[in-house]
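Below is one structure, written out as structure tokens; the observations come after it.
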Amino acid sequence: MNNPKPQIAVIHPNSLCCLAMRTILQDIAPFMGMSHDVDIATYNSMEQMEQDEPMMIIHYFVAAEVVRQNMPFFAPQLRRCIILGEGNEQGLPEGCRVIDIRQPERELLKHFLMIHSNAHTAHGVQMPAKTEEADVLSEREKDVLKLIVKGYINKEIADMLNISTPTVIFHRRNLSEKIGSKSVGRQTIYAVMNGIVDPREL
């Protein structure tokens, strides 16, 4: 019998929220030290998850209301849980990790990355340092990327780096090609994964 593949379980009654979380987690999974072999399963309820009978869940991303309704199940494994809140955090155990999913994507990603960073720091693990993949980018492209992920617009980046706006646009085009995405969210993950920017700077 084959060993079961590890899973991340997203449990939220809103299907659109589940799909959005799945997309974000697919982007962020490598940063969290998870291989591409990890499945991301989405469920609208605990009953649905139990019917699926998952064998090896390594992380839960679960709605606050689901945690409250199933505290005997989640209480022993809160270290593996990130609770998806919407300003309704009352009645949750003290010290649990909560992310407000009403935030814009950039802020949401920042909080995911900070949670992971803090977890590593607590266990004496350093954040990612410069990697060979980061060497694909020129030093100027890294400078531009740092400012992009911090939320600056083209003209501000041009002024800060003392270059022209068309030059910034040229670098952004190159960054998108090399990273494989125009998404600022994915570029943010890339920058943190490769030690180009610290999540605390976002």
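Note that the structure is predicted; figures quoted are calculated from it, not measured. Numbers here simply count residues along the sequence, with the first being 1.
- Taking all atoms of both residues into account, the shortest heavy-atom contact from R22 to A41 is NH1-N, 4.2 Å.
- Of the possible donor and acceptor atoms, one in the side chain of D100 sits under 3.5 Å from a partner among the backbone N and O of R102.
- Using a 4.5 Å heavy-atom cutoff, the side chains of H59 and L25 are not in contact.
- Side-chain contact between L175 and I148 is present, with heavy atoms from C-beta onward closer than 4.5 Å.
- Of the inter-residue distances, the one linking I153 atom CD1 with L147 atom CG reads 12.0 Å to the nearest 0.5 angstrom.
- M21 contributes atom CE, which lies 13.5 Å from atom CG of L16 (distance to the nearest 0.5 angstrom).
- Taking 4.5 Å as the limit, some side-chain heavy atom of I179 sits within range of a side-chain heavy atom of L145.
- The two residues Q77 and C81 have their closest heavy-atom pair at O-SG, 3.3 Å.
- Under the 4.5 Å side-chain heavy-atom criterion for grouping Ile, Leu, Val, Met, Phe, Trp and Tyr, I82 is not connected to F73 through any hydrophobic cluster.
- Between atom CZ of residue F74 and atom CD1 of residue I11 there is a gap of 4.0 Å, rounded to the nearest 0.5 Å.
- Residues L161 and R140 meet the side-chain proximity criterion, which asks for heavy atoms closer than 4.5 Å.
- Ion pairing of R68 with E65 is absent here, as no side-chain N (NZ or NE/NH1/NH2) approaches a carboxylate O to less than 4.0 Å.
- Taking all atoms of both residues into account, the shortest heavy-atom contact from P54 to Q7 is CB-OE1, 3.2 Å.
- Between S45 atom OG and N70 atom CG the span is 9.0 Å, to the nearest 0.5 Å.
- Hydrophobic cluster membership differs between L19 and I40, with clusters built from Ile, Leu, Val, Met, Phe, Trp and Tyr side chains linked at under 4.5 angstrom.
- Under a hydrophobic clustering in which Ile, Leu, Val, Met, Phe, Trp and Tyr are joined whenever their side-chain heavy atoms come within less than 4.5 Å, directly or via other members, F61 and I58 fall into the same cluster.
- Within 6.0 Å of OH on Y152 lie no more than 12 heavy atoms contributed by other residues, nucleotides or ligands.
- Proximity of a side-chain donor or acceptor of R80 to a complementary backbone N or O of I57 within less than 3.5 Å is detected.
- Residues V67 and M49 are members of one and the same hydrophobic cluster, defined by side-chain heavy-atom contacts under 4.5 angstrom among Ile, Leu, Val, Met, Phe, Trp and Tyr.
- The two residues L92 and A64 come nearest to each other via the heavy atoms CD2-O, 3.9 Å.
- In this structure, SG on C18 lies 8.5 Å from CG on L84, to the nearest 0.5 angstrom.
- Y190 is not listed as a side-chain neighbour of K178, based on a closest heavy-atom distance of 4.5 Å or more.
- Rounding to the nearest 0.5 angstrom, the gap separating the OG1 atom in T165 from the CG atom in N154 is 6.5 Å.
- When hydrophobic clusters are built by joining Ile, Leu, Val, Met, Phe, Trp and Tyr residues whose side-chain heavy atoms come closer than 4.5 Å, directly or via intermediates, I83 is grouped together with Y43.
- For Q187 (side chain) and S181 (main-chain N/O), a donor-acceptor pair under 3.5 Å exists by modelled atom type.
- The heavy-atom pair separating S164 from A158 by the smallest distance is C-CB, 3.8 Å.
- In this structure, the side chains of I196 and V149 stay at 4.5 Å or more apart for every pair of heavy atoms.
- Looking only at side-chain heavy atoms (C-beta outward), E86 and H12 come within less than 4.5 Å of each other.
- The closest donor-acceptor contact from the side chain of R97 to the backbone of R79 lies under 3.5 Å.
- Annotation: side chain of C17 is in contact with side chain of I101 (closest heavy-atom distance under 4.5 Å).
- Judged by distance alone, the side chain of Q48 and the main-chain N or O of N44 form a donor-acceptor pair under 3.5 Å.
- V197 and K150 get closest at one heavy-atom pair: CG2-CE, 4.2 Å.
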